[in-house]
Amino acid sequence: MFWKKKNIGTIYSPCVGQVLNLSEVPDAVFSEKMLGDGACIVPESDEIFSPVDGEIVQVFDTKHAYSIRSSDGLEILVHIGLNTVELKGEGFTSLVSQGDKVKIGDKIAKVNLEYVQDMGYQLYTPILITNMSEVKKINVTEKKVNVNDILFTYNK
Amino acid sequence: MKEFSYIIKDKVGIHARPAGLLVKEASKYNSDITIMTKGKSADAKKLFAVMSLSAKTDDEVRISIFGEDEIVAEQGLRRFFEKNL
C-alpha cells in the first residue's frame, strides 16, 4: 500500500469557538482570500494558542495579529478580530516575542473579548496559510471546537 | 530599473490588509519588486516579508522594480500607494 501521508497537514484550533469557512467572514480581504487560505474561528475563550509548531516571525505592535512560520515551512497568520488594528493594542496582551519557538497549544495571546466587542469590533479570527503556493487544498468542517482540536487540514 | 519613494500616510501603516493588497498589486507584474524602509527590505510579492517591515505612518519606503514590465509596474505601484497608503 502506498500512503502519501506527508502530503496532508493539520492546523489546530487556537481557542474555543465556532469554525467557519473564510467565505463567511464579512470582510473581503479575508473572504476573497487576499491574505491567504485557511479557516476562521469566532473565539469564545480569551486565550489564544499556537495553531502549529513553529517560530514567531512577527508580533504586530498592535498585538492583534501574529505571524508564525511552521516547522514544515508554512507561513501562518493568526488575525484576531476584524479591523482590530484600530484598537492599537487595547484589549490584547501578547505572550510571545519575535523569534520565540512555539508548540501547538502554547499560549500566544490573551484577548479581552468583551472589550473588543464593546468597542464595536467583530471577533472573527482568520487563521491563514499566507504562502498559498505551498498548499493545494484546504479542508474545513464548520463546527464548534475546543483548543487543540483540528481547525482545518490541508493537502500539499 | 525603476525606483520611487513614498511617505506612508495611512494612519496605521502597512498592516495586514494593505500588505495583502500590496502583494496582490505587485504580483500582477513579472518584474522583481523590492520594498525598503528603515534599513530593511522585502520582496513585495511575499506577504510575511512585507508585513515584517512594520512600515508606519510617516515612514519613507523606497520601491525598486526590475524587469521587463518595470515601466507599467512603476505606474501601477505609484497609483497603488497614492490610493491605499
Linking I/L/V/M/F/W/Y whenever their side-chain heavy atoms sit closer than 4.5 Å, directly or via other members, would [X] and [Y] fall into one cluster?
{"X": "V85(A)", "Y": "I108(A)", "result": "no"}
{"X": "F152(A)", "Y": "V19(A)", "result": "yes"}
{"X": "L53(B)", "Y": "L77(B)", "result": "yes"}
{"X": "M34(A)", "Y": "L22(A)", "result": "yes"}
{"X": "Y6(B)", "Y": "L21(B)", "result": "yes"}

> Roughly how far apart are F48(B) CZ and L35(A) CG, rounded to 0.5 Å?
Replying inline: 10.5 Å
> So how far is it from I129(A) CD1 to L47(B) CG, rounded to the nearest 0.5 Å?
Replying inline: 13.0 Å
>> Between L82(A) and chain B, with a heavy-atom cut-off of 4.5 Å, which part of the residue counts as in contact: side chain, backbone, both or neither?
In response: neither
>> Counting only non-hydrogen atoms closer than 4.5 Å, does I68(A) touch chain B with its backbone (N, CA, C, O), its side chain (CB onward), both, or neither?
In response: backbone
> Which atoms of V12(B) come close to chain A, meaning under 4.5 Å heavy atom to heavy atom: side chain ones, backbone ones, both, or neither?
Replying inline: side chain
Between chain A and chain B, which donor-acceptor atom pairs come closer than 3.5 Å, counting both backbone and side-chain atoms?
residue	atom	partner	partner atom	Å
R17(B)	NH1	D27(A)	OD1	2.9
R17(B)	NH1	D27(A)	OD2	3.4
R17(B)	NH2	D27(A)	OD2	2.6
R17(B)	NH2	N83(A)	OD1	2.9
M51(B)	O	Q58(A)	NE2	2.8
S52(B)	N	Q58(A)	OE1	3.4
S54(B)	OG	Q58(A)	NE2	3.4
K56(B)	NZ	D61(A)	OD2	2.6

> Quick one: of G20(B), A16(B), G13(B), who has the most non-hydrogen atom pairs under 4.5 Å with chain A?
Replying inline: A16(B)
> Going by side-chain heavy atoms closer than 4.5 Å, which hydrophobic residues are tied to L95(A), directly or by a chain of links?
Replying inline: none
> What do you reckon, is CZ of R79(B) surrounded by more than 12 foreign heavy atoms closer than 6.0 Å?
Replying inline: no
> Would you say V57(A) and M51(B) make side-chain contact, with heavy atoms under 4.5 Å?
Replying inline: no
